[in-house]
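Supplied in structure tokens, the structure appears directly below.
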Amino acid sequence: MVKRQTPGSPERKFSLPLGLIAAIVLATVTAIWLISVMAGRPPANTAQENARALIGGPFTLIAEDNRTVTEKDFAGKYMLIYFGYTFCPDVCPTELQTMSTALDMIPQDKLDKIAPLFVTVDPERDTAPVMKQYVALFHDRLIGLTGTIEQINDMKKTYRVFAEKTEDTGASDYLVDHTSIIYLMDGNGEYLSHFSYGTTPEEMAEKLTRLIP
Ligand code: NI
């Protein structure tokens with residue numbers, strides 16, 4: 001006996017899900033394409049533009065005289081910012097010395113446009129008086145900035161700085177692993193350039209003189 005095809009036969013039933021599957025596949029492909037197009041927009045044209053978008057922004061910190069300062073206090077100035085801590089045994093003193101020597105090498109009118117800042121990544125030990133005493137060892141223009149743990153954490157995020165205690169956090173003589181990079185921000189507080197560890201004072205002075213009008 002031959003089984004008759006009925007409207008509810010498997011072949012008939014199968015045609016609808018196939019169309020549905022095709023529609024789902026098409027929708028998925030379209031969605032993936034759309035996402036990829038949107039992800040590529042705006043395109044990162046240069047590393048400079050990327051850095052401009054990622055580094056810098058508003059901040060609230062505490063200056064040497066316990067006064068609260070924000071990025072607005074440095075508006076119109078070229079902020080030369082280094083992150084570190086006063087207990088740092090080698091890298092920070094070296095970098096601050098390089099920065100100070102470079103500052104002494106550039107023309108006075110350009111020097112007047114620079115706000116050299118040393119921001120601590122160790123606010124628990126680097127209080128305002130500690131910072132004041134420390135920066136005085138390097139350059140009379142160098143400004144030491146600290147803050148609450150939260151303010152410093154925000155600042156680290158804003159400037160994409162990594163810093164982490166390396167030893168027993170309970171000990172008072174701990175070290176702090178940290179990014180060693182000097183940022184040069186323009187008069188609008190936007191990223192202009194940076195100096196990596198190992199830059200000589202001559203190279204830094206030359207670049208500062210060239211970049212600052
Ligand atoms: Ni250091």
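Order of appearance sets the numbers: ligands from 1, and atoms from 1 within every ligand. Position 1 is the first residue of the sequence; numbering continues from there.
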Inset, instruction - Mark yes or no for whether Q48, through its side chain, and L192, through its backbone, hold a donor-acceptor pair below 3.5 Å. - result: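 Between the backbone of L192 and the side chain of Q48 there is a qualifying donor-acceptor contact (under 3.5 Å).
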Inset, instruction - Taking the side chain as every heavy atom from C-beta outward, state whether L80 and L117 have any atom pair closer than 4.5 Å. - result: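 No, every pair of side-chain atoms sits at 4.5 Å or beyond.
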Inset, instruction - Describe, in one word, how the ring planes of Y85 and H178 are oriented to each other, choosing from parallel (under 30°), tilted (30 to 60°) and perpendicular (over 60°). - result: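 Y85 and H178: perpendicular rings.
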Legend entry - F138 ring center near Y134 ring center (under 6.0 Å):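 Ring centroids of F138 and Y134 are less than 6.0 Å from each other.
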Legend entry - With F195 via ring-ring contact (aromatic ring centres under 6.0 Å, His included) - residues at least two apart: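 So F195 forms no ring-ring contact (aromatic ring centres under 6.0 Å, His included) with any residue.
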Inset, instruction - Would you verify whether the NZ or CZ of K165 falls within 45 degrees of the ring axis of Y174 while also being under 6.0 Å from that six-membered ring's centre? - result: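 The answer is yes; both the distance and angle limits are met.
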Legend entry - Protein-derived N, O or S atoms lying under 2.8 Å from the Ni ion (ligand 1), waters excluded: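 Atoms of protein N, O or S type lying less than 2.8 Å from the Ni ion (ligand 1) total 3.
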